[in-house]
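Notes follow the structure.
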Number of protein chains: 2
Amino acid sequence: MTRPIATKTVVDAVTDDLRGRILTGSLTSAEAVTELEIATTYGVARPTAKAAIEKLVGENLLVRGTHKSARVARLGPDSVRDIYLARAYLESEILRRLATSRAVPEDAVRANADILAAASSGDLALVEPDLRFHTGLVEAAGNERIARMYSSLMSEVRLCMTRVQSLHLLNSESIHAEHSLILDAVAAGDAEGAARILDRHLATARERLAEALGE
Amino acid sequence: MTRPIATKTVVDAVTDDLRGRILTGSLTSAEAVTELEIATTYGVARPTAKAAIEKLVGENLLVRGTHKSARVARLGPDSVRDIYLARAYLESEILRRLATSRAVPEDAVRANADILAAASSGDLALVEPDLRFHTGLVEAAGNERIARMYSSLMSEVRLCMTRVQSLHLLNSESIHAEHSLILDAVAAGDAEGAARILDRHLATARERLAEALGE
DNA sequence: TTGAGTATACTTGTCAGACAATTTGAATGT
DNA sequence: ACATTCAAATTGTCTGACAAGTATACTCAA
């Protein structure tokens with residue numbers, strides 16, 4: 001039997017590494033991302049660097065106009081509200097449908113448990129299980145395109161969070177509690193309740209993040 | 001005052017024309033789309049053609065593996081169900097929120113009127129106002145990212161429809177009637193009702209399209 | 001005749017180098 | 001101080017080329 005092996009093209013490798021640097025905050029909107037700079041730092045040709053940049057532009061992680069250098073997308077309060085409202089649209093409808101079938105996604109349950117476990121080890125470790133909780137909900141819908149859309153949103157959310165260092169914005173206990181309420185509502189088949197709780201949950205996070213980014 | 005003018009790059013021009021050919025069905029999944037072929041037919045260099053193809057791959061209108069020619073995405077019954085379910089997720093939640101504020105989008109009203117007007121002039125002219133009705137609903141949400149997501153779905157929907165020629169699949173009177181019911185529910189503030197009617201509306205369209213594509 | 005292996009053509013991935021077009025900021029002159 | 005011009009930096013696009021992979025046709029043996 002042939003072991004499934006993954007061969008990445010050079011463009012993909014550069015794209016992935018660049019995306020990592022963006023999402024971890026190692027690359028901020030302060031500095032411009034020129035094609036030549038990327039090409040030299042990775043030791044690839046300029047067309048390759050160009051392709052990688054354009055891929056990330058397609059993911060809305062970079063922005064650039066014609067004949068201008070690319071920059072990491074700066075996400076102001078308005079963008080944050082747009083993103084979180086989009087999340088609310090997607091997730092609340094998903095919760096409604098999960099609730100009608102009383103299907104509680106195990107991934108979300110596990111992620112929520114991890115939130116409590118990570119409470120003691122610094123606030124930054126809290127971001128990851130939080131994101132996992134929500135993606136767990138979305139993946140439970142079993143819809144490929146919805147999942148794709150949501151993941152692109154999550155990239156931007158993560159981008160926001162790293163820009164704010166995301167310290168002290170999240171309270172592990174209250175987050176865990178709200179998540180539990182959502183899951184309980186789903187288990188009880190309370191579609192309306194689940195959607196309502198989620199809306200409040202996202203609204204508070206949204207406003208805190210928007211405020212933190214609104215210097 | 002400077003009149004806003006749009007200068008399109010060569011890649012964008014090729015991309016737009018290619019997309020048009022795909023969406024009108026002039027380019028089907030029967031023939032392969034090679035970089036060289038695109039380059040020669042448009043009189044551009046191969047890297048330019050390559051960039052255009054990769055853009056369309058990013059829009060899910062073309063698919064291709066490494067070292068293989070691109071093809072127009074063939075959308076089988078499973079894809080159609082995935083797309084329409086995604087539509088249902090997005091649109092039903094939008095309707096709920098529109099209903100709570102009793103906001104009836106004018107664009108949607110106009111588009112629905114056009115459906116009746118176009119009833120006599122052939123079934124194909126019916127597709128366009130139908131799509132406009134639904135995009136009108138989505139744009140009324142005023143969320144940039146939701147609109148972006150939805151437009152990518154609509155590209156694929158249009159792709160499905162042209163592949164089936166979309167004749168006799170749609171009945172103008174019943175579509176108009178269902179749309180009217182939806183708008184009435186929104187105007188009445190009946191969130192649950194609007195979402196329910198839309199779900200049925202999309203479900204029947206989905207199954208008809210899936211059946212037509214399930215040869 | 002059939003099957004397996006090889007050889008060949010086609011296509012894409014990547015690179016190098018170059019020039020045009022545009023933006024941007026600085027130098028210049030009034 | 002302001003407007004103009006100039007130069008540097010950056011991107012858009014092209015040509016040409018080679019490597020690498022895929023798919024098809026072909027040859028030769030059983």
Side-chain angles (χ1 to χ4, degrees), chain A residues 1-22 27-74, chain B residues 1-22 27-74:
Chain A
M1 103 172 204
T2 67
R3 188 179 288 253
I5 198 174
T7 145
K8 265 195 308 193
T9 103
V10 177
V11 174
D12 286 339
V14 172
T15 304
D16 289 347
D17 194 84
L18 254 184
R19 180 176 24 237
R21 281 170 63 190
I22 294 172
L27 212 62
T28 73
S29 63
E31 56 219 287
V33 181
T34 76
E35 298 181 356
L36 193 65
E37 176 195 337
I38 299 300
T40 56
T41 61
Y42 287 101
V44 298
R46 189 161 75 89
T48 306
K50 181 189 191 65
I53 288 176
E54 276 166 358
K55 265 198 163 190
L56 293 173
V57 169
E59 297 180 19
N60 297 313
L61 289 180
L62 292 179
V63 290
R64 84 160 151 181
T66 48
H67 290 279
K68 282 194 280 192
S69 300
R71 286 199 121 82
V72 176
R74 69 163 180 71
Chain B
M1 103 174 204
T2 67
R3 187 179 288 254
I5 197 173
T7 147
K8 264 196 305 192
T9 143
V10 177
V11 174
D12 285 340
V14 173
T15 304
D16 289 348
D17 193 84
L18 254 184
R19 180 177 21 238
R21 281 169 64 189
I22 295 173
L27 212 63
T28 72
S29 63
E31 55 220 292
V33 181
T34 75
E35 298 181 354
L36 192 65
E37 176 196 335
I38 299 300
T40 57
T41 62
Y42 287 101
V44 298
R46 190 162 72 89
T48 306
K50 180 190 191 66
I53 288 176
E54 275 165 359
K55 266 198 162 189
L56 293 174
V57 169
E59 297 179 19
N60 297 314
L61 289 180
L62 292 179
V63 290
R64 85 159 151 182
T66 49
H67 290 280
K68 281 196 280 191
S69 300
R71 285 198 125 81
V72 176
R74 68 163 180 72

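Chain letters run A, B, ... following the sequence lines, proteins first and then strands; every chain starts at 1.
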(message) Restricting to non-hydrogen atoms, name the atom on A:K68 and the atom on A:R64 that form the minimum distance, rounded to 0.1 Å.
(response) O-CD, 3.3 Å
Pull out every protein N or O sitting under 3.5 Å from an N or O of nucleotides 16-24 of chain D, one pair per line with the distance.
unit_1, atom_1, unit_2, atom_2, d
D:dA17, N6, B:R46, NH2, 3.2

(request) Search all heavy atoms of B:Y42 against all heavy atoms of B:L18 and return the closest pair with its distance. (result) OH-N, 3.8 Å
(message) In this structure, how many angstroms lie between the C1' atom of C:dT14 and the CD atom of B:E54, rounded?
(response) 12 Å
(message) So, OP1 or OP2 of D:dT11: does either fall under 4.0 Å of a side-chain N or O from A:K50?
(response) no
(request) Find out whether A:K55 and A:D12 are in side-chain contact, i.e. whether some heavy atom of one side chain is under 4.5 Å from a heavy atom of the other. (result) yes
(message) In this structure, how many angstroms lie between the P atom of D:dA8 and the CD atom of A:E37, rounded?
(response) 21 Å
(request) Using atom CG of A:D12 as one end and atom C1' of C:dT14 as the other, report the distance to the nearest whole Å. (result) 13 Å
(request) Would you mind reading off the distance between B:R64 atom CZ and C:dT12 atom P, rounded to a whole angstrom? (result) 6 Å
(request) Counting heavy atoms from C-beta on, name the nucleotide in C:dT14, D:dT13, C:dG13 closest to the side chain of B:T48. (result) D:dT13
(request) Measure from CZ on A:R71 to P on D:dT11 and round the result to the nearest Å. (result) 11 Å
(request) List the atom of B:S29, the atom of B:V72, and the distance in Å for their closest heavy-atom pair. (result) CB-O, 3.2 Å
(message) Nearest to the B:E35 side chain among D:dT10, C:dG13, D:dT13, which nucleotide is it?
(response) C:dG13
(message) Restricting to non-hydrogen atoms, name the atom on A:A49 and the atom on A:A39 that form the minimum distance, rounded to 0.1 Å.
(response) CB-N, 3.7 Å
(message) Can you tell me if A:T34 touches the phosphate of D:dA9, counting only side-chain N or O atoms and a distance under 4.0 Å to OP1 or OP2?
(response) no
(request) Round to a whole Å and report the spacing from CG of A:L36 to C1' of C:dA18. (result) 14 Å
(request) Might you point out which heavy atoms bring B:I53 and B:I38 nearest each other, and give the distance in Å? (result) CD1-CG1, 4.2 Å
